[in-house]
Number of protein chains: 2
Amino acid sequence: MKGALVNAAGGIVARSEVPTPSGEGVDAVIETVIRTVSDLIARGQNEGLDIPAAGVVVPGIVDDANGIAVFSANLGWRNLPLRTLLQSRLGVPVAFGHDVRTGGLAEARFGAARGVRDAVFLPIGTGIAAATLVGGDVVTGDGYAGELGHVVVEPDGDPCRCGGRGCLESVASARAIVRRYSERTGHHLVDAAQVAQRVVDGDPDARDVWDDAIHALADVLAPCVALLAPEIVVIGGGLGASGEVLLGALRHAIEARLPCQRRPRLVQAQLGIWAGCVGAAILGWETHTGTATARGGHVR
Amino acid sequence: MKGALVNAAGGIVARSEVPTPSGEGVDAVIETVIRTVSDLIARGQNEGLDIPAAGVVVPGIVDDANGIAVFSANLGWRNLPLRTLLQSRLGVPVAFGHDVRTGGLAEARFGAARGVRDAVFLPIGTGIAAATLVGGDVVTGDGYAGELGHVVVEPDGDPCRCGGRGCLESVASARAIVRRYSERTGHHLVDAAQVAQRVVDGDPDARDVWDDAIHALADVLAPCVALLAPEIVVIGGGLGASGEVLLGALRHAIEARLPCQRRPRLVQAQLGIWAGCVGAAILGWETHTGTATARGGHVR
């Protein structure tokens with residue numbers, strides 16, 4: 001669980017990272033959120049900063065407009081009115097949203113998609129999900145948008161934690177890349193960056209695992225790019241940090257699938273693992289200044 | 001080339017259909033547009049109707065906001081300021097847009113997607129292109145959105161008129177289905193409805209050709225659905241009229257690719273081949289009443 005004090009320019013002035021309680025129930029998660037935010041507010045106030053609002057963003061299915069955490073398999077909640085609950089405990093106005101969508105918002109305001117109105121933001125880490133900007137607004141799809149990680153790319157593929165088989169996440173997430181390389185070679189690596197290094201070093205097993213991931217990502221991204229014609233696709237998360245060994249191959253694979261469409265710039269995210277925190281702060285700031293718009297289905 | 005007089009309720013009160021001049025240059029196309037619209041206006045005025053505006057929509061790459069027909073391979077123009085040109089000749093305000101996107105707008109206002117804010121509209125005829133509604137607005141992508149027909153689904157597949165190989169259009173358009181069935185069997189059918197009938201009758205060749213089309217469509221639609229979580233996907237064009245032999249199989253194929261996402265309703269378009277005309281009239285009406293918004297990247 002990450003938290004940050006963020007200034008109006010999107011700069012992080014203090015940060016906090018604590019383990020999310022696992023297996024201790026929803027209340028333990030909520031108490032940790034409250035403690036993390038309270039501590040950050042106290043740290044800011046001790047420095048003489050005015051902290052007018054907080055933003056909290058969570059994974060899973062999120063009803064942004066009503067402040068409800070609809071569902072998270074990992075965190076265990078269903079239809080939790082988290083915004084109201086946090087606001088009653090924190091003593092500041094609380095904005096609420098979805099972790100990946102607000103990360104995309106942050107990349108659009110302060111990161112790799114600055115100044116762009118149509119963008120797809122794809123963090124690839126333990127899991128894969130997308131945020132989409134259309135005309136400057138984040139697409140929410142009533143809270144269901146962005147689940148690219150669970151598009152089936154190998155119908156008879158590995159089981160996925162979602163209950164499906166052969167989902168994009170089970171082939172192309174950072175975790176899947178490490179697992180597939182280990183299963184193939186017996187070498188247990190720590191993270192996908194090590195697989196990426198072996199690709200660069202010419203390891204054919206690493207190359208095969210990497211290529212499978214690239215082709216699966218391109219199969220899922222190319223239709224999205226054709227449909228929306230975004231100016232830019234921003235790859236984030238742990239895998240995004242692999243640089244051109246990922247981006248060059250993915251650019252080539254997407255372009256091979258789009259013979260005559262407008263091709264987006266494909267770039268690395270700039271805000272890294274803190275994008276969600278900066279995005280949460282943007283939501284909090286907008287709550288404070290009253291600039292948040294609640295046009296149906298959009299967060300801005 | 002189709003034209004219609006449309007009332008404020010979206011009803012067609014007169015229609016006109018003339019061949020688009022082929023191989024006679026851009027001027028011949030423009031003159032035919034002007035004659036078609038003028039004739040319809042005259043017909044309306046003869047009936048005592050007040051015709052306050054016209055809407056003209058064209059295929060290809062269209063800059064809706066600036067009224068420019070950017071590119072059409074079939075019609076032969078490049079960067080043609082068509083709106084200004086037509087307005088100077090027609091004597092009424094002229095609204096301008098893209099055929100498929102305005103068809104989607106029409107289905108959203110008066111057709112299968114009435115009352116829905118997030119929708120994908122996919123006409124499948126000679127070609128395949130999509131219109132997307134996000135939060136009630138049609139996505140334009142600077143004029144480049146919607147080119148699903150040219151996503152490559154068979155890397156070594158048949159050449160496509162766009163210059164690529166194995167594009168969705170070359171497998172799943174109504175024209176491709178007829179061609180592929182003929183190539184396979186030597187039986188030359190007139191349209192895809194006949195192939196659909198043979199599928200129902202148990203012809204294994206028809207079934208194979210049909211299944212290839214269904215799977216290609218699902219491969220391209222499933223990522224789009226996962227990204228945007230639309231409430232509804234509307235299938236139009238000639239193939240959309242095939243009913244459940246198409247929709248049932250396509251629904252099943254899309255759902256097989258989306259194990260845990262929100263699944264949209266998959267339905268047949270209601271306005272048929274006249275959706276573009278009704279959409280053009282909506283644009284014309286909005287120009288007249290001043291309700292058209294020019295928020296960047298959107299047509300409403």
Using a strict 4.0 Å threshold on nitrogen-to-oxygen distance, state whether [X] and [Y] make a salt bridge.
X        : Y        : answer
B:Glu107 : B:Arg114 : no
A:Asp142 : B:Arg262 : yes
A:Arg257 : B:Glu154 : no

### Task
Among B:Arg180, B:Arg179, B:Arg161, B:Arg175, find the residue that satisfies the salt bridge (charged side-chain N to carboxylate O under 4.0 Å, His left out) test when tested with B:Glu169.
B:Arg161
### Message
Among B:Leu258, B:Val152, B:Ile61, B:Val120, which residue has the highest count of heavy-atom pairs closer than 4.5 Å to chain A?
### Response
B:Val152
### Task
Heavy-atom pairs under 4.5 Å with chain A are the metric here; pick the option from B:Cys162, B:Gly163, B:Cys160 that has the most.
B:Cys162
### Query
With a 4.5 angstrom heavy-atom cut-off, which part of B:Cys167 approaches chain A: side chain, backbone, both or neither?
side chain
### Query
So which of A:Pro230, A:Gly146, A:Gly164 has the biggest tally of heavy-atom pairs under 4.5 Å with chain B?
A:Gly146
### Message
For chain B, which candidate among A:Pro223, A:Ala129, A:Ala131 shows the most heavy-atom pairs at distances under 4.5 Å?
### Response
A:Pro223
#### Entry: Which portion of A:Glu147 sits near chain B, non-hydrogen atoms under 4.5 angstrom
both
#### Entry: Minimum heavy-atom distance B:Thr102-B:Gly276, with the two atoms named
OG1-O, 4.2 Å
